[in-house]
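To start, the structure itself, in C-alpha cells.
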Amino acid sequence: MTNNEQTPSSDPATRLDFIRSQIKEDLESGKHDSIQTRFPPEPNGYLHIGHAKAICLSFGVAEEFKGQCNLRFDDTNPTKEESRYANAIMEDIRWLGFDWDDRLYHASDYFEQLYEFAVKLIKKDKAYVCDLSADEIREYRGTLTEPGKDSPHRDRSIEENLDLFERMRTGEFEDGLRVLRAKIDMASPNLNMRDPVMYRIVHATHHRTGDKWSIYPTYDWAHGQSDSIENITHSLCDIGFEDHRPLYEWFIEQLGIFPSRQYEFSRLNISYTVLSKRKLLRLVNEEQVSGWDDPRMPTLSGLRRRGYTPEAIRTFIDRIGVARKRGSTADIAMLEHCLREDLNLHSKRVMAVLHPLKVVIDNYPEDQVEELEAVNNPEDDSAGNRKVPFSREIYIEREDFREDPPKKFFRLAPGREVRLKHAYFITCERVVKDEQTGEITELHCTYDPASRGGASPDGRKVKGTLHWVSAAHAVRAKVRLYDHLFTKEDPENNESGDFVDHLNPDSLETLTDCQLEPSLADAAPGDRFQFLRNGYFCVDSVDSKPGALVFNRTVGLRDSWTKIQKSKKK
RNA sequence: UGGGGCGUCGUCAAGUGGUAAGACACCAGCCUUUGGAGCUGGCAUUCCCAGGUUCGAAUCCUGGCGCCCCAGCCA
C-alpha cells in the first residue's frame with residue numbers, strides 16, 4: 001500500500017470495529033485490491049430497523065473503503081417470496097440513502113450456474129440424491145449430543161446420482177420425494193455439516209423464473225456460491241450464521257471458486273419492540289397494527305410514515321456500534337435521542353393545541369386581529385419568521401391550566417400571569433364551568449398590551465410560556481399520538497407467554513379536535529413540524545387529505561415536567 | 001456430560017500488558033419568550049469469579065461460573 005487513504009477515519013476517537021479492522025487489514029496486506037460486499041434480503045417481508053444495521057454496514061463499509069455493495073435478492077424459496085416485497089425493499093434502501101447502481105442481482109439469476117456446480121460436486125462424489133423423507137432425515141441427523149447415521153442412499157453411484165438429479169430438475173418427482181445432499185460427515189459435531197440438503201423439489205411458480213424450475217437450492221447452497229460468483233470479498237451477515245461458516249467454506253473449497261469470506265456481527269434488538277420478520281408478519285396478519293407501514297412498526301416503512309428521518313436512523317446505527325456478542329439490546333431511548341437531535345435542528349416550529357380549552361381575553365378589542373411575528377426555528381436563523389394571527393378568543397392546552405396548581409406548576413391558574421408565546425402576558429381572572437358536570441369550559445383572562453410580542457414590559461418575570469391558537473383562525477385536524485408498541489422492555493424474550501400479550505393498549509391515541517395555527521392548512525403529506533411544547537409531528541402520508549389533515553406524533557419532546565410529577569408520586 | 005459464541009457502568013460500546021474512551025439513560029446546577037434546545041459538573045479505584053505470571057493485567061496462563069445460538073427439504 002502506497003497510502004492509507006482508504007482508511008475511513010484518521011480520527012483516533014473513531015475506532016474501527018472488528019469488521020472495518022478486518023477490511024483495513026485485508027486491503028493493507030494486499031489480500032484484496034478493493035472490497036465487494038452485498039446486502040442479500042429475501043423478498044418475503046418488509047425491511048425493519050434491524051436490516052438497517054446490515055444495510056448501513058454493508059453499503060457503509062463499501063463506501064468508506066471505496067469498494068462496492070451489491071443488492072442481491074435471496075430468492076430461493078418461491079413459496080414465500082413476492083415481487084411486491086422486492087419493490088418495497090428497494091424503496092426502503094434508497095430512502096435510507098444507499099444505491100447499488102446497476103448491481104441489482106438475484107440468487108435466481110444463478111440457478112443454472114448453481115445447478116452446474118451441483119453436478120460438479122456429484123461427479124466429485126461430494127453430493128448425492130437422498131430419498132429419505134423430511135422426518136427420516138431429521139431422525140438420521142442425530143441430536144446435539146449423538147452423531148447422526150448415514151443415509152441408506154449415501155453410497156449411490158455417481159451415475160445414478162447424476163440421473164436422479166437431472167430427473168429431479170425435469171419435474172419427474174413429486175414435492176419432497178428426494179433431495180440433493182452434500183456428502184460431508186454425519187458425525188460432525190456441527191449439525192450443519194451432517195450432509196446438509198442442497199436442493200429440494202418444489203413445484204411452485206417463482207416470482208421471477210416462473211415454472212422453469214422444480215428444484216430450488218437451499219440457503220446454504222445458494223448463498224455462498226452467489227457470493228463467490230459476485231466476487232464478494234466480505235460477506236457480512238448476522239451472528240445466527242456463525243455455525244454455517246464451516247459449510248460456507250466447505251462448498252467454496254470443494255468447488256475451487258472465488259473465496260468469499262463470511263463475517264458475522266451481532267444482530268440489533270431494540271427495547272419495547274420486536275425485530276423479527278416472523279413476529280412482525282404476525283402483527284400484520286392478526287391486525288394488531290394497520291399494516292407493515294403502521295407508524296408503530298419498527299419497519300423502515302413504518303418509521304418513515306411515523307416521521308423518522310433516514311439521517312436519524314443512520315446516526316443511531318453508527319452510535320450503537322458493531323460487535324459480535326449475542327443478545328444485546330439497544331435502548332429505544334437512544335434511537336429517539338438521535339431522532340430528536342435531527343428533528344430539533346431541522347423542524348419548523350408551529351403552534352398546535354391538542355386538547356383545546358377556550359380562553360376569552362376580556363380586555364382585548366372584539367373584532368381586532370393582529371398578525372404577530374413568530375420565529376420558525378430558533379436553531380436555524382435561515383428558517384426565517386412567519387405571521388401568526390391573534391384575536392380575542394384563543395385556545396390553550398387544557399393541561400396548561402390548573403384551578404388548584406401543585407407546587408412548581410408554572411402554568412396558568414386563577415390570578416396567575418403567564419406568557420402566550422410570541423403574543424402577550426395574560427392573567428386568569430375567571431373560570432367558567434359546566435353547571436352539570438363541573439367541567440371547565442372557558443377561561444376569562446386579561447392581557448397586558450405592553451407585553452406585545454411576549455416581552456416583559458417592566459422586567460417582571462413570568463415562569464410559564466404557553467402555546468395557543470386563535471380560535472377564529474384555527475385549522476381543525478386529527479392527531480395521532482403514538483407510544484411504544486409493547487409495555488415490556490423485552491417482549492421477545494418473556495417466559496410468561498406470548499409476545500402479543502405485551503402489546504401496549506395505549507400505543508395509539510387518536511385526537512379528533514385539535515386546533516392548529518392557520519399556516520398548517522396546506523401542509524403536505526410527509527411534512528414535519530415541531531408542535532411547540534408538544535413534540536415532533538408529521539403529516540400522515542396515507543390518511544391525510546387537504547381539509548382533513550391527519551398528523552402523526554413522531555416523538556415527544558423531552559418532558560421534565562412530567563418527570564417531576566412522576567418522581568413526586570413515588 | 002456435542003459444537004460454536006459471548007461475559008467491561010442501567011443500556012450500547014472502546015480498550016489487544018502500562019495503570020478503565022465515548023454515547024444513551026440518570027442526578028445536580030446554569031440559562032431560556034418551547035418546563036424544548038444549549039451549557040457545566042457528577043456518574044465502573046474497577047473490567048463474571050478465583051488463583052497464577054509480571055515492576056505492572058480488563059488485556060497473558062489455569063480453573064470455575066453465567067448467558068446466548070445450532071437438531072427447517074426457512075433465510
Side-chain angles (χ1 to χ4, degrees), chain A residues 12-15 17 40-42 44 74 76-77 79-80 130 132-134 137-139 141-148 175-181 187-194 196-202 216 218-220 222-223 237 239-246 264 266 268 271 277-278 316 318-338 340-341 344-345 349 351 375 378-379 408-411 419-423 425 451 453-456 462-467 489 530-535 556-564:
Chain A
T14 310
R15 306 263 182 20
D17 56 66
E42 182 188 11
N44 70 340
D74 216 334
T76 57
N77 186 351
T79 63
K80 290 187 178 169
C130 178
L132 255 25
S133 68
I137 285 182
R138 191 180 315 119
E139 282 166 29
R141 185 155 34 225
T143 68
L144 293 177
T145 51
E146 301 157 28
D175 285 8
L177 207 60
R178 294 181 220 271
V179 293
L180 184 73
R181 293 226 252 169
S188 172
N190 181 343
L191 290 296
N192 297 117
M193 300 299 271
R194 320 242 263 225
V197 171
M198 295 167 63
Y199 278 97
R200 69 280 210 193
I201 299 171
V202 181
Y216 290 91
T218 56
Y219 167 85
D220 284 312
H223 200 90
C237 64
I239 211 147
F241 294 104
E242 214 161 14
D243 294 341
H244 295 242
R245 192 170 62 230
E264 310 88 17
S266 61
L268 174 63
S271 56
K277 263 197 217 175
R278 210 196 91 244
F316 168 71
D318 279 350
R319 290 202 186 148
I320 55 171
V322 184
R324 52 193 329 289
K325 74 177 103 176
R326 290 176 187 269
S328 64
T329 302
D331 192 338
I332 196 167
M334 174 87 100
L335 211 210
E336 292 174 341
H337 168 81
C338 295
R340 290 193 187 99
E341 186 177 59
N344 173 50
L345 256 27
R349 271 63 170 173
M351 293 195 287
V375 178
E379 304 294 329
K408 296 222 180 153
F409 183 84
F410 304 152
R411 286 112 98 146
R419 168 170 34 236
L420 294 178
K421 180 80 178 176
H422 308 307
F425 286 10
S451 63
S456 183
V462 288
K463 281 273 206 173
T465 298
L466 312 186
H467 59 280
E489 243 184 84
Q530 184 196 101
F531 286 2
L532 226 55
R533 302 208 305 135
N534 261 319
L557 253 22
R558 284 190 63 218
D559 183 357
S560 48
W561 169 237
T562 301
K563 206 179 284 177
I564 289 170

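Worth saying up front: this structure is predicted, and the values here are computed from it rather than measured. Below, read A as the first sequence line, B as the second, and so on, with proteins coming before strands; counting in each chain starts at 1.
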Discussion item. Need one value for H422(A): base, sugar-phosphate or nothing, where a base atom within 4.0 Å counts as base even if backbone is also close, heavy atoms only.
Written reply: base
Worksheet item: Can you tell me if the side-chain N/O atoms of R533(A) get under 4.0 Å from OP1 or OP2 in U33(B)?
Response: no
Worksheet entry | Minimum-distance nucleotide to R200(A) side chain [options: A75(B), C27(B), A13(B)] | A75(B)
Worksheet item: Is E242(A) touching bases, backbone alone, or none of the nucleic acid, heavy atoms closer than 4.0 Å?
Response: sugar-phosphate
Worksheet item: Checking all strands, does R419(A) fall into the base, sugar-phosphate, or nothing category for heavy-atom contacts under 4.0 angstrom?
Response: base
Discussion item. Need one value for A134(A): base, sugar-phosphate or nothing, where a base atom within 4.0 Å counts as base even if backbone is also close, heavy atoms only.
Written reply: base
Discussion item. Any base atoms under 4.0 Å from I137(A), or only sugar-phosphate, or nothing? Heavy atoms, all strands.
Written reply: base
Discussion item. Without decimals, in angstroms, what is the distance between E264(A) CD and C69(B) P?
Written reply: 16 Å
Item to complete: Check whether any side-chain N or O of R138(A) sits under 4.0 Å from OP1 or OP2 of G72(B), and answer yes or no.
Response: yes
Fill in: Contacts of type side-chain contact (heavy atoms from CB on, under 4.5 Å), residue I137(A), not counting sequence neighbours
L132(A), R141(A), V179(A), R181(A), V197(A)
Worksheet item: For R349(A), which contact category applies under a 4.0 Å heavy-atom criterion: base, sugar-phosphate, or nothing?
Response: base
Worksheet item: Reckon T143(A) touches a base, only the sugar-phosphate, or nothing at all at heavy-atom distances under 4.0 Å?
Response: base
Discussion item. Need one value for V322(A): base, sugar-phosphate or nothing, where a base atom within 4.0 Å counts as base even if backbone is also close, heavy atoms only.
Written reply: sugar-phosphate
Item to complete: Could you state the atom-to-atom distance from CZ of R324(A) to P of A14(B) in whole Å?
Response: 12 Å
Fill in: Short side-chain N/O contact from R319(A) to OP1 or OP2 of U11(B), under 4.0 Å
no
Discussion item. Check this one for me: any side-chain N or O of K325(A) less than 4.0 Å away from OP1 or OP2 of C69(B)?
Written reply: no
Worksheet item: Under 4.0 angstrom, heavy atoms only, what part of the nucleic acid is L532(A) near: base, sugar-phosphate, or nothing?
Response: base
Item to complete: Look at all strands and tell whether Q530(A) reaches a base, only sugar-phosphate, or nothing, counting heavy atoms closer than 4.0 Å.
Response: base
Practice prompt. Assign K277(A) to base, sugar-phosphate, or nothing according to its heavy-atom contacts below 4.0 angstrom with the strands shown.
Written response: nothing
Discussion item. If the cut-off is 4.0 Å, is H337(A) near the phosphate of C24(B), judged by side-chain N/O to OP1 or OP2?
Written reply: yes
Discussion item. What's R340(A) touching, base or sugar-phosphate or nothing? Going by heavy atoms closer than 4.0 Å.
Written reply: nothing
Item to complete: Look at all strands and tell whether A455(A) reaches a base, only sugar-phosphate, or nothing, counting heavy atoms closer than 4.0 Å.
Response: base
Discussion item. Looking only at the side chain of V179(A) (C-beta and beyond, no hydrogens), which of the listed nucleotides U33(B), C12(B), C73(B) gets closest?
Written reply: C73(B)
Discussion item. Heavy atoms only, 4.0 Å cut-off, all strands: where does F316(A) land among base, sugar-phosphate and nothing?
Written reply: nothing
Worksheet item: What is the distance, rounded to the nearest whole Å, between atom CG of L144(A) and atom P of C68(B)?
Response: 15 Å
